[in-house]
Participant: 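Mind having a look at this structure? Questions to follow.
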Amino acid sequence: MPPVIHESSQKRWQNWHQSYTQKLELLVDVWNADASQSTVPGYIDTTVGLQGLIQRALTERLEIRGLGGGWSFSKAPATSGILVNTRPLNYLFPAPRTHPDHPGRREDLLFAQSGVSVAELNHFLKKAGKSLTTSGASNGQTIAGAIGTGTHGSSLETGAMQDFVVGLHVVVSPDRHVWLERASAPVIHDEIPQKLGAELIRDDALFNAALVGLGGFGLVHGVLMEVVDLYYLQAYRQRMPLTEGLWRAFDQLDFSGITLPGPQGLKPYHFTAVINPNDMDRGVFVTVMYKHARCPEGSTPPSPGSKLTQGDSALEIVGVLTDMVSELTIPLLSRLMDRFYTEYENVCGTHGELFTDTTTRGKAWGSAVGVPLGRVRETVELALAINRTHAFPGLFGVRYALPSKATLAFTQHAPMTCILDIDGASSTRTKSYNRRVWQRLAESSIPHTYHWGKLHELDGPAVRGLYGEARVNAWLEARRALLPTPELRAAFANDYLRGLELE
């Protein structure tokens, strides 16, 4: 049965965080024909439906983009042509048959249709006794959208979300769709792509480029990911003075100079900080989580229904607060933080129970820069110095991720990327503050990259300078290999890619 394709009369689309509004020719909602159960025939029929939409885009000379959760602040998912709402596509297929050379367990694989949200994944996996290794602080994104822009968590043991992905099913033309894996690490049995009618391509360079593809490699229809056994996180949040010892923890992940909250002698699985640059005298909020097979005795479960939860980062805090007040000023931000963002100890839950946000909207404005360990203090002090002369109503967040194999991942720095989030109320002051930080970083010697799903003002030369000529050329070469004609490359381009000279 063909999928249900509904053409909306809507000619303007606004992203979730309301950072822009896009004019478009057509917004299309796509549902699987049988939405009640995941079936291979239904999935195949939806593939054919997506191919038909690509044919229409080519015939009418329109761009076409897949829309995930609309969570990105940037215009990565925007298009003036056909915007395909894939959120209703939520089939899940556990434990596919594996390749003979795959060393892992079959039960650690999960195949998800592109529209499955991170929240849905958490719910499904918990019932199966499994878990994601990491995710962003919010989980309203779809899996395809999250990996396509390089969404990260803050696990000291894993990379960003694309780094647990081991296979991609991408619809690239009206008569072609492909299954991508690394040649160095085949995962799925050859018969699975054959049953889907997909061309099987095992190529490390192509797979690594398509992982963080920014929507430019085709319509991602399915994602094969490796998951892990269900684990629990014992969480603590404490306000700590910004001592030399804490600076060393931020800069080197060296915790020897401080006493972290929680059980002593255990290495943190998750380490983050939220810094109010206008309230430094009272210290910074440090959140630490320890990984366990089950919750330790005496711990308490996360509190449901609170405005801010244990796993919220700077962006979620600002989003909640700007949703509560008409104008977020610097003094009001500090007062609201005192009321709603408080210390806690010995709270324990699954990954999905601690990182739960799917509703925070607010009039927030967010950017994120990635820098290597050893340059973290320098970067934070640069941002603090600018705030002293040009204060803005917002927060910094400090999070970490291991380097990614994805070609254009912004979490590429070795041995670890520190992500400095700069999130504030959507105001002229916040925007001008961020631009000053970006300019100072560009003038500095600090290696840095920018989160594709948050706000930045990169152009082609800046992308090549920050990410490297070799990475950019490899990404473009892979895109040309997968989309061999100018017409196809034009169909899957948009103003965002053209501005970055990645079309």
Side-chain angles (χ1 to χ4, degrees), residues 76 98-99 101-104 108-112 118 132-136 141 143-170 178-188 200-218 220 222-228 368-373 399-419 447-453 463-464 466-482 500 502:
T98 59
H99 191 275
D101 294 337
H102 177 59
D108 290 340
L109 296 174
L110 178 66
F111 184 58
V118 178
L132 298 174
T133 56
T134 190
S135 70
Q141 309 102 318
I143 183 60
I147 66 173
T149 53
T151 299
H152 62 95
S154 187
S155 168
L156 303 187
E157 298 181 9
T158 64
M161 291 188 68
Q162 73 272 0
D163 296 309
F164 59 65
V165 174
V166 293
L168 289 171
H169 179 221
V170 189
V178 299
W179 182 277
L180 300 178
E181 288 185 1
R182 292 187 179 96
S184 62
V187 176
I188 207 166
L200 175 59
I201 302 177
R202 290 196 172 103
D203 183 293
D204 285 37
L206 184 52
F207 181 77
N208 290 339
L211 272 178
V212 179
L214 305 175
F217 281 70
V220 175
V223 177
L224 180 67
M225 65 196 84
E226 282 190 315
V227 297
V228 296
V369 58
V371 300
L373 289 188
R399 295 189 278 169
Y400 299 86
L402 287 173
S404 176
K405 291 183 179 179
T407 309
L408 283 189
F410 89 101
T411 50
Q412 62 177 247
H413 305 285
M416 182 83 77
T417 296
C418 173
I419 302 97
H448 61 283
T449 48
Y450 287 95
H451 192 323
W452 300 112
V463 170
R464 288 183 174 272
L466 297 180
Y467 292 80
E469 289 279 349
R471 286 179 178 266
V472 173
N473 289 339
W475 193 91
L476 289 170
E477 183 179 343
R479 187 170 184 264
R480 286 192 293 268
L482 197 61
L500 300 171
L502 293 174

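Computed from a prediction, not measured in an experiment: that's the story for all the values here.
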Participant: I'd like to check Thr158 versus Phe164 (side-chain heavy atoms, cut-off strictly below 4.5 Å). Are they in contact?
Facilitator: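 No, side chains not in contact.
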Participant: For a 4.5 angstrom cut-off between non-hydrogen side-chain atoms, does Leu168 reach Val223?
Facilitator: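 In short, these two side chains touch, coming nearer than 4.5 Å.
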Participant: Between Arg182 and Val187, is there a side-chain heavy-atom distance shorter than 4.5 Å?
Facilitator: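 Contact flag for Val187/Arg182 side chains = no.
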Participant: Would you say Leu502 and Leu408 make side-chain contact, with heavy atoms under 4.5 Å?
Facilitator: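 They are in contact (side-chain heavy atoms under 4.5 Å apart), so the answer is yes.
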Participant: Which pair of heavy atoms, one from Ala210 and one from Phe217, lies closest together, and at what distance?
Facilitator: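 Residues Ala210 and Phe217, closest heavy atoms: CB-CD2, 3.9 Å.
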Participant: With side chains defined as the heavy atoms from C-beta onward, is the minimum distance between Glu181 and His102 less than 4.5 Å?
Facilitator: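 With C-beta onward as the side chain, the pair stays apart.
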Participant: Please lay out, stage by stage, how His451 and Ile419 fare under the test side-chain contact (heavy atoms from CB on, under 4.5 Å).
Facilitator: CA-CA 9 Å; His451 192 323; Ile419 302 97; 5.6 Å; no
Participant: Just checking Glu477: does its CD atom have more than 12 heavy atoms from other residues, nucleotides or ligands closer to it than 6.0 angstrom?
Facilitator: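 Not more than 12 within 6.0 Å, no.
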Participant: Would Met161 and Met225 count as a side-chain contact (heavy atoms from CB on, under 4.5 Å) here? Give the steps.
Facilitator: CA-CA 10 Å; Met161 291 188 68; Met225 65 196 84; over 6 Å; no
Participant: Which of parallel (below 30°), tilted (30 to 60°) and perpendicular (above 60°) describes Phe111 and Trp179?
Facilitator: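 Tilted.
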Participant: For Gln162 and Thr411: C-alpha separation, side-chain torsions, deciding distance, then whether side-chain contact (heavy atoms from CB on, under 4.5 Å) applies.
Facilitator: CA-CA 10 Å; Gln162 73 272 0; Thr411 50; 3.9 Å; yes
Participant: Less than 4.5 Å apart, side chain to side chain, heavy atoms only: is that true for Phe207 and Lys405?
Facilitator: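 No - every pair of side-chain heavy atoms lies 4.5 Å or more apart.
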Participant: Whether the Gln412 and Thr449 side chains hold a donor-acceptor pair (N or O, under 3.5 Å, no angle test) is what I'd like checked.
Facilitator: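 Note: Gln412 and Thr449 side chains miss the donor-acceptor criterion.
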Participant: Is the closest side-chain heavy-atom distance between Tyr400 and Leu373 below 4.5 Å?
Facilitator: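 A side-chain contact exists here, since the closest heavy-atom pair is under 4.5 Å.
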Participant: Could you measure the distance from the CD1 atom of Ile188 to the OG1 atom of Thr98? Nearest 0.5 Å is fine.
Facilitator: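 If we round to the nearest 0.5 Å, Ile188:CD1 and Thr98:OG1 are 9.0 Å apart.
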Participant: So Val220 and His169, side-chain contact (heavy atoms from CB on, under 4.5 Å) or not? Walk me through it.
Facilitator: CA-CA 6 Å; Val220 175; His169 179 221; over 6 Å; no
Participant: Side-chain contact test, heavy atoms from C-beta onward, threshold under 4.5 Å: evaluate it for Val118 versus Thr151 and give yes or no.
Facilitator: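 In short, these two side chains do not touch, never coming nearer than 4.5 Å.
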Participant: Can you name the closest pair of heavy atoms from Gly159 and Thr134 and give their distance?
Facilitator: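 Result for this residue pair: O-CG2, 3.4 Å.
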Participant: Considering all heavy atoms of both residues, which atom of Ala401 and which atom of Ala160 are nearest to each other, and what is their separation?
Facilitator: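 Between these two residues, the closest heavy atoms are CB-N, 4.4 Å.
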Participant: Mind listing the closest non-hydrogen atom pair of Arg399 and Gly153 along with its distance?
Facilitator: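 Looking at all heavy atoms of both residues, the closest pair is CB-O, 4.1 Å.
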Participant: Side chains of Thr407 and Asn208: is there a donor and an acceptor less than 3.5 Å apart?
Facilitator: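 No.
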Participant: Quick check against the 3.5 Å criterion: does Arg202 have a side-chain atom that pairs as donor or acceptor with the backbone of Pro186?
Facilitator: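 No, because the side chain of Arg202 does not come within donor-acceptor range (under 3.5 Å) of the backbone of Pro186.
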